[in-house]
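Working notes for the structure below.
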Amino acid sequence: MVPVEEILKTRMADIRKNHPEVSGFLESHGLIPDDDRLALADYIARIPDEDCQDYGLDKADLIDALGTFLEGLEGLTDGRQTFDVRSVSIIGGTDKSGRPEKINLTLLPGTITSIVGPTGSGKSRLLGDIEWMAQGDTPTGRRILVNGMFPGEDLRFSIEHKLVAQLSQNMNFVVDTEVGAFIAMHAASRMRITDHIVADIIAQANGMTGETFDADTPITALSGGQSRALMIADTAFLSTSPIVLIDEIENAGIDRTRALELLVKKEKIVIMATHDPLLALMADRRLVIQNGAIERVIETSAREKAVLVELEKMDAVMQRLRLRLRAGEEIEGLGS
Amino acid sequence: MRLVTVSGPPSSGKTAVLLNVIRELRKTGKTVGVVKFDCLSTEDDRVYASLGVTVRVGLSGNLCPDHYFVCNIDECVAWGVAQGFDYLLSESAGLCNRCAPHAKGVLAVCVIDNLMGLNTPKKIGPMLKFADVVVVTKGDIVSQAEREVFAFKVRQANPRAKIAQVNGITGQGAHGLATLFAGAPETSSLNGGSLRFTMPAALCSYCLGETKIGADYQTGNIKRIKV
Ligand SMILES: Nc1ncnc2c1ncn2[C@@H]1O[C@H](COP(=O)(O)OP(=O)(O)O)[C@@H](O)[C@H]1O
Ligand SMILES: [Mg+2]
């Protein structure tokens with residue numbers, strides 16, 4: 001990342017071309033430079049006092065804020081996380097009755113863990129503990145360690161190092177733009193070079209649904225399944241968060257196997273609350289929550305994996321039937 | 001007493017967020033009072049009262065709401081101290097984006113939501129830029145990608161603030177926000193303190209009740225549009 005002293009010497013034309021994040025910073029302070037030849041420092045020196053009054057600027061303070069902004073970006077350098085998450089551990093606290101939760105569990109990148117348990121048992125609380133990197137300071141008394149230790153207070157509110165990305169049934173895209181433009185905007189905010197990434201994400205998303213879309217499709221015109229597929233592909237490629245929490249994607253109308261495979265391939269630690277047998281058995285293990293505590297950890301056995309093979313066959317039958325219905329066929333048997 | 005000034009555009013989720021934070025603060029045995037500033041009317045006092053929170057309301061009526069805030073906040077602090085509160089939270093709707101109720105030495109919080117559009121952080125002025133904590137709500141209904149882009153835009157507008165994602169309905173994130181409130185400085189009076197940023201000057205004929213339109217009727221502090 002370029003230090004602020006360097007940026008201050010850079011001409012506005014080059015900033016606009018090579019440092020869009022700095023242009024964005026200026027713009028969000030009401031500054032839209034119109035003289036390309038000036039160096040940033042000279043441009044700032046020439047801002048009229050009246051404009052400073054209007055926008056609440058103090059020149060020295062503005063430069064200081066720019067420095068802080070650029071430092072914050074260091075965690076995002078071209079997608080390589082400077083904060084390398086190799087493991088996340090859950091260390092038990094107490095259940096709702098105050099009895100100890102005897103658990104010490106380590107989750108690794110590229111693995112899937114499902115969470116099951118009745119409503120009110122504490123599934124969301126567990127996800128909340130992970131997101132907050134609890135240190136015995138939540139109702140459960142749990143501790144969450146990253147690479148075996150508490151990564152520090154600062155990271156809790158860092159957007160650059162957010163541990164957790166979330167995907168749920170209730171989430172929708174609300175931006176009013178095209179798919180390609182939005183992905184490019186997201187990539188830019190992650191300091192990523194956008195050349196291939198837009199096409200890659202769209203191709204992956206299209207691989208998860210029956211109906212394809214392209215870069216020019218308005219985001220708000222996507223179907224439910226298409227949006228879900230785009231969210232997953234985008235999270236896999238662009239989110240810097242090493243953990244992905246998934247809340248009930250069973251009815252999303254996408255190829256769930258492919259979606260999970262993509263996240264695993266991108267070395268995410270996938271944790272999902274689900275009661276869908278297919279998804280639950282696809283996980284490497286599942287955590288059974290009761291009365292606020294993890295009661296049991298079930299490693300998915302070879303026998304369960306054999307059941308999964310049967311479930312996948314049933315799922316394939318359902319998918320074929322769906323396609324045939326869509327094509328207007330009459331359904332007289334389960335086969336094609 | 002710890003004072004926290006909370007501001008944000010209408011409907012951004014200020015009350016919902018504060019209710020969840022109050023719940024968290026009370027779990028640690030603390031007492032909390034609220035002062036709600038609004039223009040013409042508010043229902044929020046009833047919402048707070050239903051949780052058993054002592055609340056006072058200030059309505060600015062035909063005065064500039066932010067000027068009204070500054071003229072009355074010290075009185076509210078004195079009230080809070082007399083009540084023996086551990087925390088006094090002021091909630092005010094930022095109506096004109098040029099204003100901020102934030103004072104030096106007081107924890108300043110700005111609440112905005114993910115549905116306001118990606119350009120909002122840029123449009124909201126001092127209220128966001130001078131905040132110590134920016135709370136972003138309604139993250140549960142937009143995509144992860146939009147949350148990330150939105151947070152990045154907040155970072156551009158205010159690189160120093162802590163950004164806290166809070167769900168006003170489920171309370172997710174409120175615990176973390178409460179720990180930030182617990183770190184607010186102690187305040188016993190704002191007398192002699194100062195605002196972080198000047199309020200917009202408002203001293204023209206229309207401030208004094210003028211209703212006629214036209215150059216002849218304009219006196220005082222006037223600014224011309226460049227067309
Ligand atoms: N170990 C625990 N100790 C105390 N309270 C808990 C514990 N686990 C969960 N809770 C509380 O129980 C309530 C229900 O939990 P929640 O996570 O919403 O359940 P679920 O998501 O499984 O429906 C929440 O208020 C949560 O804070
Ligand atoms: Mg839940």
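So that the names make sense, note that chain A is the first sequence line, chain B the second, and so on, each numbered from 1.
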Problem set entry | Test item: B:Q165 and A:K162 side chains (from C-beta on) under 4.5 Å apart, heavy atoms | yes

Which answer fits [X], side chain, backbone, both or neither, if we ask what part of it has an atom under 4.5 Å from a heavy atom of chain A?
X	answer
B:T170	neither
B:Q172	side chain
B:L180	side chain
B:L118	side chain
B:E24	neither
B:R196	neither

Do you know the tightest heavy-atom contact between [X] and [Y]?
X	Y	result
A:S28	B:K129	O-CE, 3.2 Å
A:F25	B:P159	CE1-CG, 3.7 Å
A:S239	B:Q144	OG-NE2, 4.2 Å
A:L238	B:E148	O-OE1, 4.3 Å

Taking the side chain from [X] and the backbone from [Y], do they hold a donor-acceptor pair closer than 3.5 Å?
X	Y	answer
B:Q156	A:E21	yes
B:R147	A:Q166	yes
A:H29	B:A157	yes
B:E146	A:V174	yes

For this session: Specify which of A:R125, A:E131, A:M171, A:M231 makes the most heavy-atom pairs with chain B at under 4.5 Å.
Result: A:M171

Exercise. Passes side chain to side chain contact (heavy atoms under 4.5 Å, CB included), A:N170 versus B:D140? Steps please.
Worked result: CA-CA 7 Å; A:N170 303 330; B:D140 54 324; 5.9 Å; no

Checking heavy atoms, do the side chain of [X], its backbone, both or neither come under 4.5 Å from chain B?
X	answer
A:D64	both
A:N172	both
A:T68	both
A:V244	neither
A:D137	both

Problem set entry | Pick from B:K162, B:K123, B:K122 with the largest number of heavy-atom pairs that fall under 4.5 Å of chain A | B:K122

For this session: Against chain A, work out which of B:V133, B:N119, B:I141 has the most heavy-atom pairs shorter than 4.5 Å and name it.
Result: B:I141

Exercise. Which value, rounded to the nearest 0.5 Å, describes the distance between A:M191 atom CE and B:F152 atom CZ?
Worked result: 6.5 Å

For this session: Nearest 0.5 Å please: distance from the CD1 atom of A:I232 over to the OG atom of B:S143.
Result: 12.0 Å

Exercise. Any idea how A:W132 and B:H175 line up, ring-wise: parallel (<30°), tilted (30 to 60°), or perpendicular (>60°)?
Worked result: perpendicular

For this session: Could you please spell out the steps behind the salt bridge (charged side-chain N to carboxylate O under 4.0 Å, His left out) verdict for B:R160 and A:D61?
Result: CA-CA 11 Å; B:R160 298 188 194 100; A:D61 190 63; 3.1 Å; yes

Exercise. More than 12 foreign heavy atoms under 6.0 Å from CD of B:E186: is that the case here?
Worked result: yes

Exercise. Within a radius of less than 6.0 Å around CZ of A:F150, do more than 12 heavy atoms belonging to other residues, nucleotides or ligands occur?
Worked result: yes

Exercise. Can B:F197 and A:L57 be said to form a side chain to side chain contact (heavy atoms under 4.5 Å, CB included), step by step?
Worked result: CA-CA 9 Å; B:F197 185 56; A:L57 295 178; over 6 Å; no

